[in-house]
Amino acid sequence: MRIVLLGAPGSGKGTQTDAITERYGIPTVATGDLLRAEVAANTELGQQAKPYMDAGDLVPFDIVLGMIENGLKKLAEANSNGFMMDGFPRDLAQAEALDQLLDKINQPLDLVLFFEVDYEEIVGRLLGRGRADDNEETIRNRLRVYEEKTAPLIEYYTRKGLLRKVKGTGTIDAIGERIRAVLDEIA
Ligand code: B4P
């Protein structure tokens with residue numbers, strides 16, 4: 001199973017990945033987590049990415065693409081049974097690059113799960129979480145960047161016939177149930 005989790009920052013993608021991995025046995029490639037690990041280890045890549053993350057802007061394309069190529073290579077070496085992308089792709093250029101990478105290995109996406117949550121709920125959730133980039137100014141910028149760059153992917157994947165919407169509000173378990181109902185169809 002090869003899926004992408006799409007949604008605004010704070011829409012709850014990262015929260016649902018463990019349950020999906022457990023049920024369907026597919027590992028996650030989460031660009032946000034990979035970037036935070038680079039920042040924590042103070043690598044050169046982390047130092048380059050940090051100012052963008054602190055401001056809530058997208059990290060430059062070549063940094064993120066290198067991480068995805070690496071991630072896919074590792075999954076291939078581990079003979080993984082598919083994957084779930086969390087936080088990638090984030091704009092049209094990333095989506096087209098992913099299509100090309102997957103075409104090359106003849107493993108197209110099966111489905112894109114879009115988490116529907118309204119912005120006021122998101123701001124409340126992220127302020128409550130309190131990560132370094134969860135202050136109000138950065139959150140508002142992340143939502144602006146999402147609206148401008150990531151939201152067009154809803155249309156992109158709808159046209160490809162891959163998009164499935166999931167209501168992203170309610171309890172974490174209730175959302176997990178909705179996700180299972182969609183993924184069981186292709187499992
Ligand atoms: P991410 O790490 O991807 O963003 P996130 O805010 O953690 O989103 P997510 O949707 O996973 O939210 P979560 O489940 O944690 O990105 C961070 C930064 O990295 C970006 O701003 C950017 O700079 C950079 N970046 C990452 N990928 C990139 C890329 N491809 N290209 C360029 N730059 C990139 O949920 C959020 C909160 O809501 C949590 O506190 C959770 O407990 C809570 N929550 C979840 N579900 C809930 C529910 N049902 N009810 C109530 N609260 C809930």
Side-chain angles (χ1 to χ4, degrees), residues 3-21 28-40 43 45-72 83-99 101 112-154 156-157 165-180:
I3 63 174
V4 162
L5 307 186
L6 180 66
S11 57
K13 306 179 298 291
T15 302
Q16 297 290 338
T17 53
D18 285 351
I20 298 174
T21 294
T28 311
V29 180
T31 42
D33 291 346
L34 291 170
L35 286 166
R36 279 185 289 279
E38 297 283 348
V39 172
T43 63
L45 194 156
Q47 287 173 12
Q48 286 170 5
K50 189 171 184 305
Y52 296 95
M53 298 175 77
D54 287 346
D57 288 325
L58 294 186
V59 168
F61 179 75
D62 49 336
I63 294 182
V64 177
L65 191 64
M67 289 188 336
I68 289 293
E69 284 171 335
N70 240 337
L72 286 174
F83 58 78
M84 160 175 40
M85 298 269 170
D86 168 12
F88 182 92
R90 242 355 193 250
D91 63 14
L92 227 42
Q94 292 185 8
E96 285 166 356
L98 179 62
D99 281 347
L101 283 173
V112 175
L113 263 187
F114 172 57
F115 288 60
E116 286 182 296
V117 184
D118 63 52
Y119 289 173
E120 283 320 305
E121 162 125 9
I122 282 175
V123 174
R125 283 185 188 180
L126 294 180
L127 285 174
R129 179 169 67 180
R131 206 170 67 194
D133 58 346
D134 286 339
N135 60 76
E136 185 137 13
E137 195 189 332
T138 299
I139 293 169
R140 296 275 174 203
N141 190 42
R142 278 154 71 195
L143 289 174
R144 267 195 301 274
V145 170
Y146 167 78
E147 189 64 40
E148 186 194 329
K149 304 205 162 146
T150 312
L153 297 184
I154 299 168
Y156 179 84
Y157 286 120
K165 293 183 181 175
V166 173
K167 193 172 139 235
T169 46
T171 65
I172 289 168
D173 282 350
I175 298 162
E177 256 325 303
R178 291 175 207 139
I179 292 173
R180 281 195 287 284

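Start at 1 and go down the list; that is how both ligands and their atoms are numbered.
Of the candidates R90, R129, K13, it is R90 that places a heavy atom closest to atom 3 (O) of ligand 1. Between D91, L35, I122, it is L35 that holds the heavy atom closest to atom 24 (C) of ligand 1.
Within the structure, ligand 1 has A8 among the residues with a heavy atom less than 4.0 angstrom away. Within the structure, ligand 1 lacks A55 among the residues with a heavy atom less than 4.0 angstrom away. The shortest heavy-atom distance from Q16 to ligand 1 is not under 4.0 Å. Under the 4.0 angstrom criterion for non-hydrogen atoms, G10 is in contact with ligand 1.
Near G32, meaning under 4.0 Å from any of its heavy atoms, are these atoms of ligand 1: 2 (O), 26 (C), 27 (N).
Of the possible donor and acceptor atoms, none in the side chain of E121 sits under 3.5 Å from a partner among the backbone N and O of V117. Within the 3.5 Å criterion, the main-chain N or O of G7 finds a donor-acceptor partner in the side chain of K13. When atom types are taken as modelled, the side chain of T138 and the backbone of G56 share no donor-acceptor pair closer than 3.5 angstrom.
When only interatomic distances are considered, the shortest N/O to N/O separation between G14 and ligand 1 falls below 3.5 Å.
In terms of protein heavy-atom proximity, atom 23 (O) of ligand 1 is nearest to D57 O, 2.7 Å.
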